[in-house]
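Chain letters run A, B, ... following the sequence lines, proteins first and then strands; every chain starts at 1.
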Number of protein chains: 2
Amino acid sequence: MKLTSKGRYAVMALVDLARFDTINPVSLRDISLRQGISLDYLEQIFSKLKKNQIVKSTRGTQGGYVLSKKPNEIKLTNILNAVDEKVKTVQCKKESKKGCNGKATKCVTHNLWDELETHINTFFEKKSLQDLLKNNSERVN
Amino acid sequence: MKLTSKGRYAVMALVDLARFDTINPVSLRDISLRQGISLDYLEQIFSKLKKNQIVKSTRGTQGGYVLSKKPNEIKLTNILNAVDEKVKTVQCKKESKKGCNGKATKCVTHNLWDELETHINTFFEKKSLQDLLKNNSERVN
DNA sequence: TACATACCTGACTAAAATGGTCAAGTTTAG
DNA sequence: CTAAACTTGACCATTTTAGTCAGGTATGTA
Ligand code: FES
Ligand code: FES
């Protein structure tokens, strides 16, 4: 399973976006400055977020990014999947009958990792951007 | 957070051990063959497991490893910690007031990752080796 | 129309982590 | 005394990570 700064940055940036995109699109430069993330790296990340329809972009002066859905409709799963931070705990191909070691049968730990995967995914599916906003600004609706 | 083959192998090996150590100590070579894990790599892993009092060793011919506690007393947490696969999701030092980006305040995602950490640790604390045995051999007391 | 701003794309890379291997022991049952 | 098995530590190829860099292209505004 992976949880690296790419995923972390993606979430941070989107929380920032959710806070500030109410009037105008938010430029990556602003996010970069506010959150302390390299601009060039942000561009890579937002390129993926855009491909996955999590954000929309406007080019040109005064351009920037806007969320393409409401914060409560964007789940953490969506974000992490978008930037390729798939939660993958089992080693083998799940569909295959074969185990991770190439043997004919699933390994002794297969069920364990599978359970864990579900456990984590459930967590990410329940959490939305909205939850993070609430959590952090103490003031919501 | 990390979950790599070192942790995976550690768990596999210990399940194997739990099954076969009832009469004699089990040699790493046997585990290596049964589970398809490199012998040299297993040695690295067992060295750590021993330092953390999860297994005991007997040297010499017919030597090998034995669990140092009962399977139901060995939690997954213990195993993964022993091989340095700490579940660490927050980026910052938890005790510090500072955030992960060096700013004076915790970042907007701090609470999220902290919750996730708890969520995963709970899972690992509930699971013991015993559970895995049950799960896999269909026959237990 | 110029031009600054901001998105967009792809190649490149230093450093770290991963998943081992290799060599040279020491210990002890038989 | 010797073979099996643990012990230690150095070494290494490959992959991943976390970016940087160098060029674009689009567009609102002056
Ligand atoms: S993880 Fe699926 S068989 Fe080992
Ligand atoms: S993770 Fe703790 S401050 Fe960012």
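Residues forming a side-chain contact (heavy atoms from CB on, under 4.5 Å) with A:Lys56 (at least two apart in sequence, or on another chain): A:Ser68. The side chain to side chain donor-acceptor pair (under 3.5 Å) test applied to B:Ser57 returns B:Lys50, not counting sequence neighbours. The side chain to side chain donor-acceptor pair (under 3.5 Å) test applied to B:Ser32 returns no partner, not counting sequence neighbours.
The two residues A:Asn78 and A:Ile54 have their closest heavy-atom pair at O-CD1, 3.6 Å. A:Cys100 and A:Cys107 make their closest contact through SG-SG, 3.7 Å (heavy atoms, listed as atom of the first residue, atom of the second, distance). Contact between B:Leu132 and B:Val15 at its shortest, heavy atoms only, is CD1-CG2, 3.7 Å.
Atom pair B:Gln91:CD and C:dA16:C1' shows a separation of 14 Å (rounding to whole Å applied). Atom P of nucleotide C:dA16 and atom NZ of B:Lys6 are separated by 17 Å, given to the nearest angstrom. Per the geometry, CZ belonging to B:Arg8 stands 12 Å off C1' belonging to C:dT18, to the nearest Å. Distance CG (A:Asn24) to P (C:dC7): 13 Å, rounded to an integer number of Å.
Between the NZ atom in B:Lys6 and the CD1 atom in B:Ile45 there is a gap of 7.0 Å [rounded to 0.5 Å]. Interatomic distance, B:Asn24 CG to B:Thr58 OG1, rounded to the nearest 0.5 Å: 9.5 Å. Remark: B:Arg19 CZ to B:Leu129 CG distance equals 11.5 Å, nearest 0.5 Å.
Phosphate proximity of D:dA4 to B:Ser27: absent, as no side-chain N or O sits under 4.0 Å from OP1 or OP2.
The aromatic rings of A:Tyr9 and A:Tyr41 lie perpendicular to each other, with more than 60° between the two planes, well past the 30° mark. In this structure, B:Phe124 and A:Trp113 have perpendicular ring planes: the angle between them is above 60°, well past the 30° mark.
Taking a 4.0 Å limit (strictly below) on heavy-atom distances, residues 52-65 of chain B reaches DNA chain D at B:Ser57, B:Thr58, B:Arg59, B:Gly60, B:Thr61, B:Gln62, B:Gly63, B:Gly64, B:Tyr65. Remark: B:Ser38, B:Asp40, B:Tyr41, B:Gln44 in residues 36-51 of chain B come within less than 4.0 Å of DNA chain C through at least one heavy atom.
Helix-axis bend for the helix from C:dT1-D:dA30 to C:dG30-D:dC1: the local axis fitted to the five terminal pairs at one end deviates from that at the other end by 10°, rounded to 10°.
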